[in-house]
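Below is one structure, written out as C-alpha cells; comments come after it.
All values below come from the heavy atoms of this structure, side chains included, with hydrogens, waters and symmetry mates left out. Letters A, B, ... are given to chains in the order of the sequence lines, protein chains preceding strands, and every chain is numbered from 1.
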There are 2 protein chains.
Amino acid sequence: MKFRKMGPVAKRRFKDDVYAAFARIPAAVANPHRLEILELIAQRPRTVADLAFETALSIANCSQHLQVLAKCGLVTVERRGTFAFYRTAGVNVHRLLRSLRDVAEENDLEVALAVKNHLGDRDAGISEFELVRALIADPAVALLDTRPTEEYEAGHLPRAINAPLESLKSGKLALSKAKRYVAYCRGPYCIFADEAVAYLRERGFDATRIGLSPMDWEAAGEELSRVG
Amino acid sequence: MKFRKMGPVAKRRFKDDVYAAFARIPAAVANPHRLEILELIAQRPRTVADLAFETALSIANCSQHLQVLAKCGLVTVERRGTFAFYRTAGVNVHRLLRSLRDVAEENDLEVALAVKNHLGDRDAGISEFELVRALIADPAVALLDTRPTEEYEAGHLPRAINAPLESLKSGKLALSKAKRYVAYCRGPYCIFADEAVAYLRERGFDATRIGLSPMDWEAAGEELSRVG
DNA sequence: CAAATAGTCAATATATTTCTTGAATATGAA
DNA sequence: TTCATATTCAAGAAATATATTGACTATTTG
C-alpha cells in the first residue's frame, strides 16, 4: 500500500493521533517515582519488592508504576517463580534518561537547586566523560564504584574496584595515600560517591567524585566490565 | 561548603526533591500539543499565533503551553514589539526529542501503528543517518527539503534544494529523470516528504524519502546550511 | 492439600492537568 | 489619545493521574 493523500482535516487527525501516541513515552517518565525506579533498574534488574523498598513505595503502587513503564516498552519483565524481575528495555532508554539529565542540567535550575539545598556546594569533581577514559588508563588513579555489590557485578567501569561505604569502613580494602581515588555511583543525583569521598578525605586520602555513571558509559557506546 | 551527612529520612526527602524537580522536564514534554509545538519550533522560531494556527489550538491555550515549556527551560522567548518569538532552548532539547523518538520507534508499537493506520504501508525509504552523508556527497542525488521555505531558510541539510509541494506543482523547479530524488521534511512523523515523493513518482521520477530531519542532523553534531 | 510468598488487579478518594472563557496588559499605529 | 493587535493572566469545569485499600492469582513450600 502506498502513501494516501489527506485533506486538512484528516491531516489534523493524523497528527493528533501520532502525537498522542508519542507523548505516552514522556508521560511514563514524567512521574518522580517512575524516574527513580527507572534509574534504579538501569543499574541492575530488580524485583518489585526490592524497588518498593528502595523507593519507599507500597508494593501495589510500585507494581502499578512498573506496569505503566512496561506498557510503553521502557522496561521488560522476566518472571522466575513468583518473582518478577524488571529491567530497562535497552540502551535507548538509558540514552533517554541521559538526555533528560543533560537538559535538566543545562536548563532547569531547580534540579541543581534541590541538590544544593541538601548537599551544600557539592564537590564539583573532575569534569566528565572525556576525562574518564584518561582516568581509566592512568595507573596512579584508582576508580571506586561505590554502588552496592549487586550493581557493581551487573556492570561497572573498566578497572573500577567495588567500594561501597560499608566496605570502606570495614577496612578490608587496602588503601594507599599515594593513590588518587576517583569515586562514582549511579549518577550525579546519587550520593554514594559523595559519602565515600567524604569518608576518604576525613582520613587524609586524595579522593574526588565524578558524576558519570556506568549507565552513561554504556549509553555512550562504551563497554562495561562484568564479573564472572 | 562540603557534602553533609544525612540520615535515612533526610536521604529519602532529598531523593524525593531531586526526582520531583527532575520529573518536570518529561512532564513538560508529556503533552501531545506541547510535543507538536516543540517539533514545530525546532524547525524555526515562531510566534504564538503561528503556533496556535498550525496546531489548531486557541491562542490562549497555546500561550499557556508555551509557558509550561519555557518554565522548564525547554524554549526561550524573544519579544519584538507585540510579538513573542519562541524557539527551542538548544541542541540538548533536540537531542531529547530525538531520543524520545528512538525509544518510540524501538519500543512503542502504537506510534508506528498510528502512522500505519493513516499512511498505509509508508514507503520504508532509504535507511538512516549513515546513508545521509553519502547521499549529500553523491552528485547523482538531489536532496529535496520539502518543508516550507521559512523553515528551509532557518537551516537545511547541505546541498538540499527547497522543494515544498506547491513549488513542485508550480513547475518552477527543473526536474530530471536522470536524477535520484531523496526527500526529507520535519522528521519521520511529518508527511511533507511523503506528499512530495507521491507527487514525483506519479510523474515517473525516481523519488524516495528519508526520515531524518535537519533537527536530527544538528542534534548529531553536524552543521546545517543557512540562507543568506 | 493448605499455607506462605510475590505480585497483580479493581475501586475509590484525592490531586493534578487541561481547556475554555473573558478580562487584562502592552506595544505600535492613526 | 484612541484603537487595534499580540499576547498573557485568572478562574472554573472537565478530564486524567495517583496512592491507598483490600481482594485476587499464581507459585512454591511443608
Side-chain angles (χ1 to χ4, degrees), chain A residues 12-13 15-17 19-38 40-41 45-72 74-87 110, chain B residues 12-13 15-17 19-38 40-41 45-72 74-87 110:
Chain A
R12 176 76 342 252
R13 269 208 40 198
K15 284 184 190 169
D16 285 347
D17 285 3
Y19 284 108
F22 196 13
R24 273 180 222 152
I25 288 152
V29 187
N31 176 283
H33 299 305
R34 286 199 291 268
L35 261 181
E36 188 175 1
I37 288 171
L38 268 180
L40 282 169
I41 64 180
R46 278 159 213 258
T47 63
V48 179
D50 265 1
L51 289 166
F53 175 75
E54 293 221 49
T55 55
L57 294 173
S58 73
I59 290 191
N61 194 4
C62 191
S63 169
Q64 274 160 353
H65 280 305
L66 284 163
Q67 278 165 70
V68 172
L69 292 170
K71 206 168 285 174
C72 291
L74 292 170
V75 308
T76 58
V77 212
E78 181 202 344
R79 287 172 202 281
R80 259 187 267 158
T82 63
F83 292 92
F85 287 87
Y86 281 89
R87 66 186 72 225
E110 292 192 72
Chain B
R12 177 74 347 247
R13 269 208 41 198
K15 285 185 189 167
D16 286 347
D17 285 3
Y19 284 108
F22 196 14
R24 274 180 220 151
I25 288 152
V29 187
N31 176 285
H33 298 307
R34 286 200 291 270
L35 260 181
E36 188 175 1
I37 288 171
L38 268 180
L40 281 170
I41 65 181
R46 279 159 213 256
T47 63
V48 180
D50 265 2
L51 289 166
F53 176 74
E54 293 221 49
T55 55
L57 293 173
S58 75
I59 289 188
N61 194 5
C62 191
S63 169
Q64 275 161 350
H65 280 305
L66 284 163
Q67 279 165 68
V68 172
L69 292 170
K71 204 166 287 174
C72 292
L74 291 170
V75 308
T76 58
V77 211
E78 182 201 345
R79 286 171 203 281
R80 259 187 266 159
T82 62
F83 292 92
F85 288 87
Y86 281 88
R87 68 187 71 224
E110 292 193 73

Inset, instruction - Go through D/dA10, D/dT27, C/dT8 for me and flag the one nearest to the A/T82 side chain. - result: D/dT27
Legend entry - Presence of A/Y86 side-chain N/O under 4.0 Å of C/dT8 phosphate oxygens OP1/OP2: yes
Legend entry - Any B/R34 side-chain nitrogen or oxygen under 4.0 Å from OP1 or OP2 of C/dT18: yes
Donor-acceptor pairs under 3.5 Å, side chain of residues 52-60 of chain A to any protein atom, not counting sequence neighbours: which ones?
from  : atom 1 : to    : atom 2 : distance (Å)
A/E54 : OE2    : A/R46 : NH1    : 2.1
A/T55 : OG1    : A/L51 : O      : 2.6
A/T55 : OG1    : A/A52 : O      : 3.4
A/S58 : OG     : A/N61 : N      : 3.1

Legend entry - B/L57 vs A/S63, nearer the 5' end of DNA chain C by closest nucleotide: A/S63
Legend entry - Spacing of B/R79 atom CZ relative to D/dT7 atom P, expressed in whole Å: 9 Å
Legend entry - Proximity to the side chain of B/Q67 - top-ranked nucleotide from D/dT20, D/dT8, D/dC9: D/dC9
Inset, instruction - Looking at every strand, decide which applies to B/R80 at a 4.0 Å heavy-atom threshold: base, sugar-phosphate, or nothing. - result: nothing
Inset, instruction - Look at the side-chain N and O atoms of B/H65 and state whether any lies under 4.0 Å from the OP1 or OP2 oxygen of C/dT17. - result: no
Inset, instruction - Would you mind telling me which of C/dG7, D/dT8, C/dT20 lies closest to the side-chain atoms of A/A84? - result: C/dG7
Inset, instruction - Check the distance between C/dT17's C1' and A/N31's CG and give it to me in whole angstrom. - result: 14 Å
Inset, instruction - Give one of base, sugar-phosphate or nothing for A/A27, where a contact means two heavy atoms less than 4.0 Å apart. - result: nothing
